[in-house]
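These notes concern the structure reproduced below.
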Amino acid sequence: MVDALRAAPGVMGVETAHTAGRRVIFAWFEGKRALRDWYRSDAHQKAMNAVFPDLVPQRQPLAELADDSGPIIAIVSVKFAETAIASIGIELYGPLPGGVAVGGRFAPESLEVRGLRELRLAPQ
């Protein structure tokens, strides 16, 4: 799934992480169209059908999101029970102006963040 996501058009970057009890995927999309294309992709549809085989969508995906929303980060957190998935959360965010990156940043370099201060670490 992560490899398919990384190769999808309009995906700017993907990171994975483990927290106490959850596996997390951070995926940066160029905008709503790229995210919608990923949602409709074969890889995503297969994953949805594997986890929720009887799910019948009740609405259009991303209907509340403006077409010109700009870059989007999708954060997917999955909590596993012993033999199954206990919960899945998918949250969408956009970059806010400001912040600081010292010696590197979490978001892809191609993602423009207005007002981001990028500082280099002093050589040691």
Side-chain angles (χ1 to χ4, degrees):
M1 170 65 87
V2 172
D3 289 339
L5 182 56
R6 284 187 172 119
V11 173
M12 302 168 76
V14 178
E15 292 283 341
T16 60
H18 290 236
T19 68
R22 295 185 187 273
R23 293 186 187 168
V24 184
I25 299 171
F26 301 90
W28 288 267
F29 293 86
E30 291 175 348
K32 179 179 178 177
R33 181 178 180 170
L35 180 54
R36 188 176 47 230
D37 289 349
W38 166 252
Y39 177 89
R40 293 178 177 157
S41 73
D42 288 343
H44 184 259
Q45 291 298 310
K46 285 178 186 175
M48 281 182 32
N49 289 332
V51 177
F52 305 107
D54 300 322
L55 178 69
V56 177
Q58 301 296 315
R59 61 185 180 85
Q60 285 292 328
L62 309 174
E64 301 85 5
L65 190 60
D67 288 339
D68 63 350
S69 62
I72 300 166
I73 182 173
I75 302 173
V76 181
S77 64
V78 182
K79 185 174 184 177
F80 290 93
E82 286 188 31
T83 60
I85 293 176
S87 68
I88 297 176
I90 301 171
E91 301 175 35
L92 307 177
Y93 299 94
L96 297 173
V100 63
V102 181
R105 59 195 311 214
F106 183 60
E109 292 292 328
S110 60
L111 179 69
E112 182 180 334
V113 179
R114 289 180 295 125
L116 178 66
R117 292 178 43 217
E118 295 190 68
L119 307 173
R120 297 189 188 280
L121 289 174
Q124 298 201 8

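These values consider heavy atoms only, across backbone and side chains, with no hydrogens, waters or symmetry-generated copies. These figures come from a predicted structure and were not determined experimentally.
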I need the [X] [atom1] to [Y] [atom2] distance, nearest 0.5 Å.
X	Y	atom1	atom2	value
D3	M1	CG	CE	11.0 Å
L96	L116	CG	CG	11.5 Å
K32	S69	NZ	OG	7.5 Å

Using every non-hydrogen atom in the two residues, find where [X] and [Y] come nearest and quote the distance to one decimal.
X	Y	answer
R105	V113	NH2-CG2, 3.4 Å
L5	A27	CD2-CB, 3.7 Å
S87	R22	OG-NH1, 3.2 Å
K79	G21	CG-O, 3.4 Å
W28	P108	CD2-CD, 3.3 Å
A8	W38	CB-CE3, 3.9 Å

In this structure, would [X] and [Y] fall into the same cluster of hydrophobic residues linked by side-chain contacts under 4.5 Å?
X	Y	answer
Y39	F26	no
F52	I90	yes
I72	I75	no
I73	L111	yes
V11	Y93	no

Requested in this report: Please check if the side chain of Q58 supplies one atom and the backbone of V56 the other of a donor-acceptor pair under 3.5 Å.
Outcome: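 Judged by distance alone, yes, a pair lies under 3.5 Å.
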Query - N/O donor-acceptor pair under 3.5 Å between E30 side chain and P71 backbone - result: no
Query raised in the report: Should we say atom CD of E64 is surrounded by more than 12 heavy atoms from elsewhere, each under 6.0 Å from it?
Result: yes
Query raised in the report: More than 12 foreign heavy atoms under 6.0 Å from CZ of R6: is that the case here?
Result: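 Yes, because the 6.0 Å sphere around CZ of R6 holds more than 12 heavy atoms from other groups.
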Requested in this report: Kindly indicate, with the supporting measurements, whether the criterion side chain to side chain contact (heavy atoms under 4.5 Å, CB included) is fulfilled by L65 and R36.
Outcome: CA-CA 11 Å; L65 190 60; R36 188 176 47 230; over 6 Å; no
Query - Partner of H44 by side chain to side chain contact (heavy atoms under 4.5 Å, CB included), out of K46, R40, M48 - result: M48
